[in-house]
Amino acid sequence: MVKNHFKLLSGQNLRYTGKVFPGFVKGLPYMVFISNHSSYQLLVKYNGLETIVEKFFVETID
């Protein structure tokens, strides 16, 4: 199932729902959107570091 596309604003809070990546803490899935890296990837700030994640593995926090 493909998630609906959504528009992100710089500084917006996100929740990561994908596979574990190096430096990921299971109990801390929250990150901040910085910018689009490509059409399918996002540049985010996670635990003080900038990292790239797949767009389909994040949800916006309302």
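For the numbers below, each heavy atom of this structure counts, side chains included, while hydrogens, waters and symmetry mates do not. For this chain, numbers begin at 1 and follow the sequence in order. Everything numeric in this text was worked out from a predicted model, so none of it was measured.
- In this structure, the separation between CG on L42 and OG1 on T51 is 11.0 Å, given to the nearest 0.5 Å.
- Distance check: S38 OG to K55 NZ gives 9.0 Å after rounding to the nearest 0.5 Å.
- When the side chains of ILVMFWY residues are joined at heavy-atom separations under 4.5 Å, either directly or via intervening members, V53 and I61 end up in a single hydrophobic cluster.
- Between the side chain of T60 and the main chain of L14, no donor-acceptor pair closer than 3.5 Å is present.
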Show me the donor-acceptor pairs, under 3.5 Å and distance only, between side chains in residues 20-37 and residues at least two apart or in other chains.
none

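- Taking Q41 as the reference, E54 meet the side-chain hydrogen bond (donor to acceptor under 3.5 Å, both in side chains) condition, with sequence neighbours excluded.
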